[in-house]
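Down below is the structure, laid out as structure tokens.
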Amino acid sequence: MRATTVLVLLTGLLGTSSLPAMAENVVEEAEVTHFPWSGYWWPFHAGGLTGPLLRYDRLTGKQAARWEEQEGRANPQAPPWHGYCHATAAAAVMEPEPRVAGALRSSTGREEVQVSVGYQKGWLAACHTADVAEIYGERFSDGEGPEDPQDIAPDQLWHLLRLYVRERGVPLVLDIEPGPEVWNYPVFAYRIVYDQTRRSGEFRGQLTLWMADSSVPPDFVGLQVRKHTYTFNFRMEDGAVVMGSGRWTGISGQDHPDFAWYPYMAVAENPEVDYRLVTQLLTQIGSWREEDPQQPSEDGHPTPPAPPPPSPPSRPDESRSGGSGQPSSSSEQPRHRPPDRSSATETLTDRELVLSPQELLALVTSRTSSFKFDVTVDRFDGAAYQPGETYSVVGATAEKGFLYIFLIDPSYELRLLYPHVGQNNAVEGMFEVPKPSDLLAFRVPNQPGVYRLKAVITRKPIRMVGLLAESQQSGSAPGSAGRTGGPTRLSTKGGSFHWHPASKKVMREVLMEYTRGDKPPAALERVFIESLGGFAQDEVAFYVPAPREVSGQVK
């Protein structure tokens with residue numbers, strides 16, 4: 001936990017001790033001492049854990065992959081969100097990260113089996129598919145509980161963040177999707193900024209969470225940051241937070257965490273997965289250091305760093321088809337082995353430059369600028385383009401900075417048009433993107449309607465949560481006009497965002513409100529983006545006409 005320039009709360013748990021006298025903005029922040037790592041979430045429609053377990057079976061003589069297939073865990077027709085994000089999150093909290101690939105002899109001794117980092121992480125996920133865990137809050141649409149749309153309440157979550165992240169130094173796993181789907185991520189740092197409203201005893205706050213992302217390739221090594229931002233109100237009496245008074249506000253009323261949990265006993269749902277064998281294999285590969293304990297404890301239970309006393313155990317459900325939910329046939333359970341501090345490569349200050357979906361929406365819908373900045377398209381504002389044509393964006397900025405161009409389509413979907421992967425987006429003075437020399441073309445989409453280009457220049461480079469690059473090699477579309485692009489030119493409609501359903505829904509609603517009015521959406525008024533150190537913005541629109549029908553045919 002680092003010092004802040006404002007005021008850091010150093011009190012105990014919520015509701016049990018007094019808070020300091022109020023200042024303009026009060027800041028509380030903390031990060032763990034044992035960092036998680038990022039691992040792939042093994043979706044069922046892509047085969048689940050079958051790939052890693054086929055290698056495991058060749059090395060051990062087990063039939064774990066067959067069990068996965070029989071239980072429907074490798075099903076191309078499975079809902080796209082079904083997978084093992086909960087198992088990856090638990091493994092990232094309880095296990096050191098495999099970082100090197102290796103080769104081992106098969107169980108028959110006749111062949112050498114190559115084992116990638118991704119497969120090793122898959123083995124660890126398989127050991128944590130049905131962990132016993134301490135769970136807080138009610139999972140939405142599980143048929144149990146009151147289905148409170150405010151659950152998990154912000155004051156309860158604040159209490160848990162203090163207990164696990166600040167006091168115990170361990171990650172807290174959150175399902176960040178308040179609807180029926182489950183999206184689990186380990187939280188390793190948080191910041192709460194709050195101040196008093198005009199009503200006596202009422203306060204408003206902003207909560208920022210940093211998590212280990214699972215939207216990574218299987219062989220990814222390290223920590224890829226995922227960040228989310230929420231706003232809430234709460235009450236205080238006699239300097240203490242009134243428990244039960246917290247309410248999510250703004251877009252956080254629709255998009256906030258659903259429940260929290262912490263694993264404290266590893267259980268493999270697949271009866272063919274044996275944790276002791278997995279640890280032996282990982283040790284032989286050399287993925288774990290010698291000083292890491294390699295054997296389960298004598299009583300078969302993990303030993304996490306001083307968790308709170310557990311209530312009756314339960315399991316964090318990850319919806320999936322079939323499965324007995326029975327523990328592994330092996331009685332051995334893993335010792336809790338938190339990743340070392342070196343797995344975190346960024347400071348808390350560095351992570352501020354990662355924009356959460358909520359902060360990104362606040363930036364895109366802003367109508368204020370810190371300096372003069374203007375953009376237009378090569379046919380000027382309001383121009384008409386045909387599908388498949390290419391276009392460029394030209395502009396001028398009074399200050400040098402980093403240029404980002406977002407495309408808002410007629411369906412209110414948001415895409416990042418520029419920069420493309422690997423592009424240098426630093427600009428100053430007059431600029432044009434793409435430049436004639438770039439092997440990149442902005443291609444007009446097929447959908448008719450009004451497209452808005454929102455251009456932003458920031459003084460610091462930013463990264464955006466969940467950004468997926470979706471460009472492809474192609475030549476000019478048949479019949480296209482305007483700026484040409486040869487067969488070696490890279491044509492792109494922009495990168496999309498991999499966000500959970502609640503964030504996607506909020507995004508469309510906010511962008512719809514933004515494009516229809518002159519004021520920033522009220523739901524975003526409390527989302528802070530001051531960490532950018534100033535930015536400028538401008539907007540330009542173009543039009544794609546609908547196809548004409550002639551004699552019953554589309555022309």
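All values below come from the heavy atoms of this structure, side chains included, with hydrogens, waters and symmetry mates left out.
- The backbone N or O of E95 lies less than 3.5 Å from a partner atom in the side chain of W37, making a donor-acceptor pair.
- For A398, the side chain to side chain contact (heavy atoms under 4.5 Å, CB included) test picks out K372, with sequence neighbours left out.
- Side-chain N/O atoms of H500 and D255 include a donor and acceptor closer than 3.5 Å.
- Under the 30°/60° scheme for interplanar angles, the aromatic rings of Y164 and Y136 are found to stand perpendicular.
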Chi angles and distances behind the side chain to side chain contact (heavy atoms under 4.5 Å, CB included) call for V187, V173: CA-CA 6 Å; V187 176; V173 184; over 6 Å; no
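- Rounding to the nearest 0.5 Å gives a distance of 6.0 Å between CG of L174 and CG of L209.
- Among residues two or more places apart in sequence or in another chain, the side-chain hydrogen bond (donor to acceptor under 3.5 Å, both in side chains) test is passed with Q423 by none.
- With contacts defined as side-chain heavy-atom distances shorter than 4.5 Å, the pair P171/V32 qualifies.
- The minimum heavy-atom distance linking V393 with V375 is given by the pair CG1-CB, 4.2 Å.
- The two atoms that bring W81 and V182 nearest to each other are CZ3-N, 3.3 Å, heavy atoms only.
- T376 places a side-chain heavy atom less than 4.5 Å from the side chain of V394.
- Residues satisfying the side-chain hydrogen bond (donor to acceptor under 3.5 Å, both in side chains) test with E202, not counting sequence neighbours, are T197.
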Show me the donor-acceptor pairs within less than 3.5 Å that the side chains of residues 380-388 make with the rest of the protein, sequence neighbours left out.
unit_1: D381; atom_1: OD1; unit_2: A541; atom_2: N; d: 2.9
unit_1: Y385; atom_1: OH; unit_2: D378; atom_2: OD1; d: 2.4
unit_1: Y385; atom_1: OH; unit_2: R379; atom_2: N; d: 3.3

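- Every pair passing salt bridge (Lys or Arg N to Asp or Glu O under 4.0 Å) that includes a residue from residues 535-545 is listed here, sequence neighbours excluded: R452-E539.
- Ion pairing of E97 with K121 is present here, as a side-chain N (NZ or NE/NH1/NH2) and a carboxylate O approach within less than 4.0 Å.
- Summarising the geometry, atom CG belonging to L223 is positioned 5.0 Å from atom OG belonging to S38; distances are rounded to the nearest 0.5 Å.
- In this structure, the separation between CG on L467 and OG on S496 is 7.5 Å, given to the nearest 0.5 Å.
- A donor-acceptor contact shorter than 3.5 Å is absent between the side chain of D258 and the backbone of I176.
- Between the side chain of E31 and the main chain of F188, no donor-acceptor pair closer than 3.5 Å is present.
- No hydrogens or angles considered: nothing links the side chains of N233 and T249 as a donor-acceptor pair under 3.5 Å.
- Shown here for T515 and Y412, the closest heavy-atom pair between the two residues is OG1-CE2, 3.2 Å.
- Here the side chains of I192 and F232 are in contact, with some heavy-atom distance below 4.5 Å.
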F234 and W158: CA distance, side-chain angles, deciding distance, ring-ring contact (aromatic ring centres under 6.0 Å, His included) verdict: CA-CA 11 Å; F234 63 98; W158 191 351; 5.4 Å; yes
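- The two atoms that bring A455 and L403 nearest to each other are CB-CD1, 4.4 Å, heavy atoms only.
- Remark: K505 engages E509 in a salt bridge (Lys or Arg N to Asp or Glu O under 4.0 Å) (not counting sequence neighbours).
- Here S356 pairs with T229, Q358, E359 under the side-chain hydrogen bond (donor to acceptor under 3.5 Å, both in side chains) rule; sequence neighbours left out.
- Evaluation of the side chain to side chain contact (heavy atoms under 4.5 Å, CB included) rule for P501 yields E177, E181, W183 as partners, not counting sequence neighbours.
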Verdict with reasoning, N184 to W261, per side-chain hydrogen bond (donor to acceptor under 3.5 Å, both in side chains): CA-CA 10 Å; N184 287 298; W261 57 281; 3.0 Å; yes
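- Between W42 and Y119, the ring planes are tilted. Angles from 30° to 60° get that label.
- Aromatic pair W248/Y230: centroids less than 6.0 angstrom apart.
- Under the side-chain contact (heavy atoms from CB on, under 4.5 Å) rule, L172 has a single partner from V93, L161, L163, which is L161.
- No hydrogens or angles considered: a donor-acceptor pair under 3.5 Å links the side chains of S411 and Q447.
- Pairs engaging residues 445-466 under the ring-ring contact (aromatic ring centres under 6.0 Å, His included) rule: Y451-F542 [sequence neighbours left out].
- V364 pairs by the side chain to side chain contact (heavy atoms under 4.5 Å, CB included) definition with L360, F406, I408, L414, K454, L511, not counting sequence neighbours.
- P178 and A502 make their closest contact through CD-CB, 3.6 Å (heavy atoms, listed as atom of the first residue, atom of the second, distance).
- Between atom OG1 of residue T365 and atom CD of residue Q537 there is a gap of 9.5 Å, rounded to the nearest 0.5 Å.
- For F371 and F373, the gap between ring centers reaches or exceeds 6.0 Å.
- Between the CE atom of M507 and the CG atom of L361 there is a distance of 7.5 Å, given to the nearest 0.5 Å.
- The shortest side-chain heavy-atom distance between Y404 and L363 does not fall under the 4.5 Å cut-off.
- Distance CG/L407 to CG/L416: 10.0 Å, rounded to 0.5 Å.
- When all heavy atoms are compared, the tightest approach of A212 to P36 is CB-CG, 3.9 Å.
- Within the 4.5 Å cutoff, side-chain heavy atoms of Y185 are placed close to those of D213.
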From CA spacing to verdict: salt bridge (charged side-chain N to carboxylate O under 4.0 Å, His left out), E413, K504: CA-CA 9 Å; E413 292 280 351; K504 290 181 179 179; over 6 Å; no
Derivation and outcome, side chain to side chain contact (heavy atoms under 4.5 Å, CB included), residues Y391 and V444: CA-CA 7 Å; Y391 63 96; V444 176; 3.6 Å; yes
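- Looking at S215 and W499, their side chains never come closer than 4.5 Å, going by heavy atoms from C-beta outward.
- For residues 396-411, the salt bridge (Lys or Arg N to Asp or Glu O under 4.0 Å) pairs, not counting sequence neighbours, are E399-R459.
- Among residues two or more places apart in sequence or in another chain, the side chain to side chain contact (heavy atoms under 4.5 Å, CB included) test is passed with P43 by Y40, W41, H45, A46.
- A salt bridge links E28 with R162: the closest approach of a Lys/Arg side-chain nitrogen to an acidic carboxylate oxygen falls below 4.0 angstrom.
- The closest side-chain heavy-atom distance from P357 to H228 is below 4.5 Å.
- Looking only at atom types and distance, the side chain of S392 has a donor-acceptor partner in the side chain of E432 under 3.5 Å away.
- In this structure, F402 and I457 have side chains that are not in contact, with every pair of non-hydrogen atoms separated by 4.5 Å or more.
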